[in-house]
Each structure stands twice: as C-alpha cells, then as structure tokens.
Number of protein chains: 2
Amino acid sequence: MARRTRGTAAGLDRARITTTAVTLIDRDGLDRFGVRRLADDLGVDPMSIYHHIKGKAALLDAVSESVLAEVTVDASSADWVAIARHTAHGYREMAYRHPRVFPLLATRAQTSPVALAALEHLTTAMREAGIPDQVVADTPSILFGFLNGHLLARTREDATPVPDFDPRTHPTMTALAPNLTDFGSTEEFDRMLDTVLKGIAQAG
Amino acid sequence: MARRTRGTAAGLDRARITTTAVTLIDRDGLDRFGVRRLADDLGVDPMSIYHHIKGKAALLDAVSESVLAEVTVDASSADWVAIARHTAHGYREMAYRHPRVFPLLATRAQTSPVALAALEHLTTAMREAGIPDQVVADTPSILFGFLNGHLLARTREDATPVPDFDPRTHPTMTALAPNLTDFGSTEEFDRMLDTVLKGIAQAG
DNA sequence: GGTGGCAAATCTACGCCGTAGAAACTACCG
DNA sequence: CGGTAGTTTCTACGGCGTAGATTTGCCACC
C-alpha cells in the first residue's frame, strides 16, 4: 500500500463510481459535475476512472442507468391501469429523489432491461384486457412522453406554479391561478396521470 | 476601420448573435457549441459577445427563446381542440426543424410572451366551451408535458422505433412491433395527440 | 478642426476541463 | 525470485468560459 493520499480508499469499480457520481450530482448539480471532481470524491486520480468507464458520456449514461434502476418493477398481475399507475408513481418518486439527475434520463434513450421489462409487463396486461394493438403500441410513448416532459418541468430548480404575467392581457390564466395551488403535489400528478390514462383507455 | 480580420463583418447585436448560434447548433450539435466557436463564426472576438449577453447560460436562454419564437400563435377563434392541435403541430414542426436545439427548450422554463399568449388563447377557448376550471388549468401542463417528452424522444439523434430486445422474454413487444412502423410520422403524432386531447375532453 | 466622453470590441491571462499516452505500481503464478 | 497482466497514476496538451485592463470607433459639442 502506498498511494491513497486522499480520504477514501480505492478499490474502484463501476458500482462505486456511479453511486458516488449520483451523490455528487444530487449535491452540486449537473453543471458542476465532472470527471476530476468525481475522482476527488473517490480519492483517486481522474484517469483511474477511465479503466472502468470509457469517457464522460459513458459516465453519464451509467449514472442515468443507475438511477433508473431504483424504480422497482411491479410484478403483480393487476389490471393495466393499476400497473400503469404504479409504474408512473415509482418513476415520479425517483425523479423527485434525484431532480438534478433526471434531465439525463429524459434526454437519453432508455433501453435497460428494467425499463424493457416494465414495458413488457404493462403492454401484456393491456393486450389481455382487449385493448387494440395500435393503442397498446402507442401507450409507452404517450405515457413516458408525458412523464418525462411533466416531471422535467416539475423537478426544475426554478419551477413555479405560475410565471408572472400581466393580469390585464391574461385574464383567463389569472382566473385559473387558484386551481394551481397544488402544484407539484401527488394529487396534481394523479389528476393529470388519470387524464392521460383515460385518453388511452378510450382511444382506438 | 482596422479589425475585421475574419470573414464576417461585425455590428454585433442580440439578434445576429442568437440566429448565428442557432445555425451553429443545428449544424454541429450542442456538445460542440461554445462561446469561442460562436465568436469565430461571427468573425469577432469571444469577449465581444459578453457586451450583449451576460454569459453562456444566458446565451443558451436566448437561443431557446429565439427558436420558440418561430412558433406562430393561432389567433383564430376555432374550438379549443383545433387550437390545441394547431399549437401542437407548430411546436412539433419547430422541434423537427431544430432537433439539436430542442433539448434546451424542453429543459428550460418557457415564460416568453409568445408562449404565454398561446396558453391564454387556448385556456380562454376551453373555458368558453364550458370545460371545468380545474381541467383547463391542468391542460397546459399535460399538453406540453406530453409534447416536450414525446418530441424529446423523437428528435433524439439515435431515435429508433424499437430497441433490440430478446423476443423470447418480450413476446408482447415483439408482437407489437408492426404497429410501430410509422414511428416519427405525422400520423403517429396525430394519433397520440388525439389520445391525450380525448383524455382532457373527458376529464373532470 | 479639436476634444472629451462613452459604448463596443479586443487583448491578455487565469483556472478549469476532458483525455491521450507513457510510466509505475500491485498481486499473483511459476 | 522473475514474469506478466491488470490497475492506477503521472505528465502533458488543447480547449473552454470569462474577469479585468485596454484599445478602438463614433458622436456631440466647443
């Protein structure tokens, strides 16, 4: 033993790298995140990381995948609406747990086994319920389109219920403001999610 | 006159900066974009840009705003569904015109006058049609949640209809693959958009 | 014409970043 | 003990965003 001039001992592997990276992004944000800072936190030379992960882009992929893996798959055989709701809520909770990592997820293709398993589970239940194939095939795009876009907006650092506008030129939105008080709440999320699911249920 | 050692003449202003930036991102992508490269394209010293825009973050804000402004507002007084569809299509076309800029939009809060005007227009029409206030108030979040998330997925450089998975473990998605052939088409978009709008129409 | 003022544009320099390539260390096997 | 393969570190390079000082271009006014 010779090195280890920094705090944390080495014994580097993918898992330790990604979990440390997630912690670091959660704390300091994506902007301040980088290979060198991560290496500091790991108590390691920056270049050491490159023997486990190809480069910064791959590192961000790994972070994204690691956080997505926190979402547990519902193995139950409940009706498809329940499955969809369960998946959506799990996804949402992950987003709120890691608001600064979430933009990575929404921006990247998700082809991890977990994600595919969840989709297979949901679509199978829908098909068995007699939903038309085209509707079933469209559902993942619609559902995760909504989830990614909506959660991106809600977990944004500067998220506010209502941007400031002139009440004179925007009377309707002014009148609607009282209906936006539960901004970011579970109730609001459920309401919107149900709206989307209702559309799917009646499509085709 | 002394300077102008580069091709393009100066006479810098916000508009010239942002439109050049958009062109540059369209061509080379967000990763390769930076203040110095932009300055090169403008035939100008990097620091000159700072007299018109505070820094890189503000620059990206400006780019985002500039691209959003391409979406024209429908001033018609058609029914709310038609307005929603028109807005959605305009937004979608913008996204496909600038796929490499779009992630900026989806990631940022949009409080520009144009955006607010569009929302006011839509919500007013909905209210006049007798839609419950809570539903009207939720609609912007639902609609643009879907639009941002969905278009983010479709305009991604590596977007593919179906990620490769094992047909043995994912029989349903395999069976569904034929229904995904119009991936990215206007027809697919209309179908999904209508699904969302139907959910909204029947909510509350 | 001269001159003062001022905004715009530029120059210089600093501290950061990601990472290629060479070198050193470690652990294990014969 | 020597070899050898995997890991970690060292060194260095080119590029980045931008603070601060400086120069330029332009105008109004004497």
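In this text, all values refer to a predicted model and were calculated from it rather than measured experimentally. Chain letters run A, B, ... following the sequence lines, proteins first, then strands; residues in each count from 1.
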Participant: What is the distance, to the nearest angstrom, from the CG atom on A/L24 to the P atom on C/dC17?
Facilitator: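 About 11 Å, once rounded to whole Å.
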Participant: Can you check whether A/F146 and B/H150 have ring centres sitting under 6.0 Å from each other?
Facilitator: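 No.
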Participant: Can you tell me how far P of D/dG6 sits from CG of A/L12, to the nearest Å?
Facilitator: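 Taking atom P of D/dG6 as the reference, CG of A/L12 is at 17 Å.
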Participant: Quick check: any donor-acceptor pair below 3.5 Å linking the side-chain of B/R36 to the base of D/dG15?
Facilitator: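 For B/R36, whose side chain was compared with the base of D/dG15, there is no donor-acceptor pair (under 3.5 Å).
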Participant: Of B/P46 and A/K56, whose nearest nucleotide on DNA chain C comes first from the 5' end?
Facilitator: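 Result of the comparison: B/P46.
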Participant: Given atom OH of B/Y50 and atom C1' of C/dC11, what is their separation to the nearest angstrom?
Facilitator: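 About 15 Å, once rounded to whole Å.
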Participant: Would the distance check show the side chain of A/H121 and the main-chain N or O of A/D74 forming a donor-acceptor pair, the cut-off being under 3.5 Å?
Facilitator: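 Yes, the answer is positive, given that a donor and an acceptor are paired below the 3.5 Å cut-off.
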Participant: Have A/S141 and B/R154 got a donor and an acceptor in their side chains that come within less than 3.5 Å?
Facilitator: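 Present: a donor and an acceptor within the cut-off.
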Participant: Between the base of D/dT7 and the side chain of A/H51, is there any donor-acceptor pair under 3.5 Å?
Facilitator: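 Between D/dT7 and A/H51, which were checked side chain against base, a qualifying N/O pair under 3.5 Å is absent.
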Participant: Flag yes if more than 12 heavy atoms outside A/D31 fall under 6.0 Å of its CG atom; otherwise flag no.
Facilitator: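 Incorrect, the count does not exceed 12.
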Participant: Using atom CG of A/D31 as one end and atom P of C/dC17 as the other, report the distance to the nearest whole Å.
Facilitator: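 Spelled out: CG on A/D31 to P on C/dC17 is 13 Å.
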Participant: B/L60 has an atom CG; how far is it from atom C1' of D/dC16, in whole Å?
Facilitator: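 One finds 14 Å between C1' of D/dC16 and CG of B/L60, rounded.
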Participant: So, is B/H52 close to the C/dA7 phosphate, meaning a side-chain N or O under 4.0 Å from OP1 or OP2?
Facilitator: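 It does not, given that no N or O in the side chain of B/H52 lies less than 4.0 Å from OP1 or OP2 of C/dA7.
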Participant: Verify the contact: side-chain N or O of B/R37 to OP1 or OP2 of D/dC16, cut-off strictly under 4.0 Å; return yes or no.
Facilitator: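 Looking at the OP1 and OP2 atoms of D/dC16, one of them is under 4.0 Å from a side-chain N or O of B/R37.
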Participant: Which whole-number value in Å describes the distance from A/L42 CG to D/dT8 P?
Facilitator: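 One finds 11 Å between P of D/dT8 and CG of A/L42, rounded.
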Participant: Any side-chain N or O of A/S48 under 4.0 Å from OP1/OP2 of D/dT9?
Facilitator: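 Indeed, a polar side-chain atom of A/S48 lies that close.
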Participant: Quick one: B/D45 CG to C/dA13 P, roughly how many Å, whole number?
Facilitator: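 For the pair B/D45 CG and C/dA13 P, the rounded distance is 14 Å.
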Participant: So what does A/R32 hit on the nucleic acid, given a heavy-atom distance under 4.0 Å: a base, only sugar-phosphate, or nothing?
Facilitator: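 Touches nothing.
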Participant: Please answer whether the main-chain N or O of B/T172 pairs with a side-chain N or O of A/R127 as donor and acceptor at a distance below 3.5 Å.
Facilitator: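 Not confirmed, A/R127 side chain does not pair with B/T172 backbone.
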Participant: Using whole Å, report how far CE of B/M47 lies from P of C/dC14.
Facilitator: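 In whole Å, C/dC14 P lies 15 Å from B/M47 CE.
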